[in-house]
Amino acid sequence: MYLLLAAHSHGAALQQVTQAGDPHPDRPEPRLISASELPGVVRHLETRPREAAPRWIWHRTQDWYPALLAAGVEVERCYDLSLCGTILAYSEFTAHTEYAQQAEKAPLDDPQEPPRALQPPPPPADQGALFEDVRHRSPRHTLSELRAEYAAQQAALADADPLENKRKRLQLLLAAESAGAMIAAEMQHAGVPWREDLHEQILADYLGPRPQPGHRPAKLEALNNELRNLLNSPALNPDSPQDLMRALHRNGIEVKSTRQWELMESSHPAIEPLLAYKKLSRLHSANGWAWLDAWVSDGRFRPEYVVGGVVSGRWASRGGGALQIPRQIRGAVHAGPGHKLIVADASQLEPRVLVALAQDSKMAAAARDKDLYAGIAAQGFGGDRAKAKTALLGAIYGATTGESGRLMPQLARTYPHAVGFVEQAAREGEAGGTVTTRLGRSSPPPSQSWFRSQQSATAEEQRRAESIARSRGRFTRNFVVQGSAADWAACWLAELRRRLRALRADGSVQAELVFFLHDEVMVHAPEAGVAACIRAIEDAAAAAKELLFGPIPVEFPVSVAVVDSYDNAK
DNA sequence: ACACGAAGCGCG
DNA sequence: AAAGCGCGCTTCGTGT
């Protein structure tokens with residue numbers, strides 16, 4: 001059952017449509033629903049059996065779902081027109097379709113609209129705010145406009161290249177992306193379990209008692225005084241790179257930057273307290289008391305996840321640095337009473353994805369090992385695991401210099417298929433072409449200025465052009481691997497969501513997904529439900545592999561830790 | 001006063 | 001150790 005939902009001046013407009021996007025012959029008339037009625041209507045429709053559950057088609061999940069969740073209503077599935085439209089507009093699988101060619105001229109999301117980050121923060125999600133919010137943001141998307149957009153997207157999908165399952169893969173990507181949008185809203189709603197008392201204890205241990213606003217914590221102040229003495233610079237501000245650089249030079253410390261790794265080359269007595277200062281200063285400014293006040297409430301950290309925020313398909317986030325929770329403070333992430341945190345990550349996901357993409361049977365044999373790098377080390381690097389890891393990551397990132405660059409020929413001799421695959425992606429990018437992930441997400445084409453830069457006259461311009469081209473080659477080289485890993489992770493997440501919903505529905509386990517980070521998930525579960533959740537996580541990983549690649553002999557193992565506190569997960 | 005880029009560092 | 005990829009955030013410092 002496909003239901004279009006559009007904002008309407010007196011509430012929401014709801015219309016049943018066919019899968020192709022035509023008004024449904026049995027019930028073609030739109031239905032108007034007021035703001036206060038909507039959660040009840042949605043809840044009622046969601047009580048149908050899973051096979052008959054509606055697929056909600058809406059412009060942006062972010063505009064509708066948070067308020068529904070706040071009203072206590074979850075939905076089984078949706079179709080996010082904005083996210084799917086972006087994929088279809090750029091995918092090589094649909095490049096020949098009218099949709100892709102029109103999308104360039106009239107994108108669904110007006111490029112004139114300022115990025116969401118520049119808009120005022122949304123009002124607190126409550127039922128009253130639902131319509132004001134939606135109507136305010138997308139006044140021009142009426143029911144019929146959205147229906148036309150949906151029909152156009154379905155037509156493009158139907159017209160996608162059917163060879164090698166490309167159409168099915170793309171359809172899977174659209175479903176996974178839409179599921180991701182729901183999961184993002186649900187995780188924001190749930191929040192990461194966060195013990196403020198433990199966080200404050202960590203801050204006190206590292207920094208001393210909470211300072212007055214605008215003052216340095218005691219330990220930072222002490223280190224600052226020590227630095228001023230050691231560097232004979234009574235007014236030094238170590239937070240200013242320029243100021244710091246001058247002070248270092250005055251003391252004969254000849255560094256070109258004030259980065260950690262460069263400072264560590266020096267043995268001057270001021271270096272140790274300086275590095276300590278930088279470490280603690282970072283903790284204070286990025287995840288200190290101000291962060292705690294701003295982002296944690298009622299025992300939960302609630303960041304906003306931005307699905308489709310990275311061109312490769314990875315998620316981005318907004319607010320609180322959700323994807324950069326430093327190890328130092330992970331002890332504050334703590335399960336509630338009677339609960340556990342289940343932290344699972346896909347081991348060495350990107351190299352394994354490369355093996356599957358390139359169908360490199362020799363590397364697949366190495367990947368049969370639980371530790372892929374150890375397997376590769378045994379095959380081609382005399383058992384030296386560190387070397388094997390450096391070489392393989394260098395191939396994925398496009399390293400040319402240093403140890404990683406030197407190891408490339410050795411890696412290429414041992415694994416011509418895998419290395420050839422990423423080399424091909426790099427050459428495509430250098431030539432101005434696009435590359436595509438396993439499920440059909442394509443890299444953006446180069447800008448006009450990129451092509452202009454390639455038409456160079458002087459030798460100097462030519463050198464610059466080659467450097468720019470190589471840089472784009474590294475991007476496309478990495479894109480196919482990072483993006484296909486994101487495809488896998490999106491399917492893993494969607495499959496896990498479905499299994500956790502089933503466990504919740506039959507009343508056996510009230511577990512919730514609370515965090516996702518590229519190749520890692522966190523589930524907060526009652527102790528009695530831990531085993532069932534672990535099975536769900538592992539089954540979902542196996543399902544994701546099968547969905548992307550079919551029955552190929554490449555393993556995607558997940559490592560699972562059951563802990564009270566996130567800092568014990570690795 | 002405010003905007004914006006660079007530097008630096010956190011995460012995968 | 002960083003290097004080679006992808007991000008977000010804070011602080012400076014400069015330009016308007």
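Note on naming: letters A, B, ... go to the chains in the order of the sequence lines (proteins, then strands), and numbering restarts at 1 for each one. Since we're looking at a predicted model, the values are computed, not measured.
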Name the nucleic acid region contacted by Ser312(A), choosing base, sugar-phosphate or nothing; use a 4.0 angstrom heavy-atom cut-off, strictly under.
-> nothing
Please work out if Arg477(A) contacts a base, only the sugar-phosphate, or nothing of the nucleic acid, heavy-atom cut-off 4.0 Å.
-> nothing
Calculate the interatomic distance between Asp243(A) atom CG and dA7(B) atom C1'; express it in whole Å.
-> 14 Å
Could you check how far OH of Tyr397(A) sits from C1' of dA1(C), rounded to whole Å?
-> 16 Å
Can you tell which of dC7(C), dG4(C), dC9(B) lies closest to the side chain of Gln260(A)?
-> dC9(B)
Carboxylate-amine/guanidinium contact Arg497(A) Glu512(A), below 4.0 Å = no
Expressed in angstrom and rounded to an integer, what is the separation of Lys387(A) atom NZ from dA1(C) atom P?
-> 19 Å
Counting side-chain heavy atoms from C-beta on, which of dC7(C), dC5(C), dC11(B) comes nearest to Val311(A)?
-> dC7(C)
Hey, does the side chain of Arg302(A) reach the backbone of His189(A) with a donor-acceptor pair shorter than 3.5 angstrom?
-> yes
Nearest to the side chain of Arg327(A) - dC9(B), dC5(C), dC11(B)?
-> dC11(B)
Polar side-chain atom of Arg441(A) near backbone of Ser91(A) as donor-acceptor pair, under 3.5 Å = no
Short N-O contact, Arg195(A) and Asp197(A), less than 4.0 angstrom = yes
Rounded distance (Å) that lies between atom C1' of dA2(C) and atom CG of Leu263(A) = 15 Å
Hey, does Ile325(A) reach any base, or is it just sugar-phosphate, or nothing, if we go heavy atoms under 4.0 Å?
-> sugar-phosphate
Give a yes/no on whether any side-chain N or O of Lys278(A) is located under 4.0 angstrom from OP1 or OP2 of dG8(B).
-> no
Would you call Arg327(A) and Asp567(A) a salt bridge, using N to O less than 4.0 angstrom?
-> no
Does a side-chain N or O from Lys256(A) land closer than 4.0 Å to OP1 or OP2 of dG8(B), or not?
-> no
Phosphate OP1/OP2 of dA7(B): any Thr258(A) side-chain N/O under 4.0 Å = no
Whole-Å distance, Gln328(A) CD to dC11(B) P, equals 8 Å
Atom CG of Leu323(A) to atom P of dG12(B): distance rounded to whole Å?
-> 10 Å
Write down the protein N/O and nucleotide N/O pairs, taken from nucleotides 9-12 of chain C, whose separation is under 3.5 Å; answer none if there are no such pairs.
from	atom 1	to	atom 2	distance (Å)
dC9(C)	OP1	Gly319(A)	N	2.4
dC12(C)	O3'	Ser240(A)	OG	3.3

Can you check whether Phe451(A)'s main-chain N or O pairs, donor with acceptor, with Ser453(A)'s side chain at less than 3.5 Å?
-> no
Could you state the atom-to-atom distance from CH2 of Trp261(A) to C1' of dA7(B) in whole Å?
-> 14 Å
Would you indicate which nucleotide in dC5(C), dG10(B), dG12(B) comes nearest to any side-chain atom of Arg330(A)?
-> dG12(B)
Watson-Crick or G-U wobble partner of dT16(C), both distances under 3.5 Å = dA1(B)
For dG4(C), glycosidic torsion class - syn if within 90° of 0, otherwise anti | syn
Which nucleotide in the list dG12(B), dG8(B), dG6(C) gets nearest to the side chain of Ser257(A)?
-> dG8(B)
Exam field: side chain Ser240(A) to backbone Asp243(A), donor-acceptor pair closer than 3.5 Å = yes
So, does the side chain of Arg314(A) form a donor-acceptor pair with the base of dG12(B) at under 3.5 Å?
-> yes
Looking across every strand, which nucleic acid part, if any, lies under 4.0 Å from Arg406(A) by heavy atom: base, sugar-phosphate, or nothing?
-> nothing
For Glu350(A), report the nucleic acid contact type (base, sugar-phosphate, nothing); a contact means any heavy atom under 4.0 Å.
-> nothing
Watson-Crick or G-U wobble partner for dG4(C), using a 3.5 Å limit on both distances?
-> none
Closest nucleotide among dG12(B), dA3(C), dG8(B) to the His518(A) side chain | dG12(B)
So what does Arg474(A) hit on the nucleic acid, given a heavy-atom distance under 4.0 Å: a base, only sugar-phosphate, or nothing?
-> sugar-phosphate
Heavy atoms from other residues, nucleotides or ligands near NZ of Lys389(A) exceed 12 (cutoff 6.0 Å) | no
For atom CD of Glu304(A) and atom P of dG8(C), their distance in whole Å = 12 Å
Looking at every strand, decide which applies to Phe479(A) at a 4.0 Å heavy-atom threshold: base, sugar-phosphate, or nothing.
-> nothing
Taking the six-membered ring for Trp and the full ring for Phe, Tyr or His, determine whether the centres of Trp291(A) and Trp194(A) are under 6.0 Å apart.
-> yes
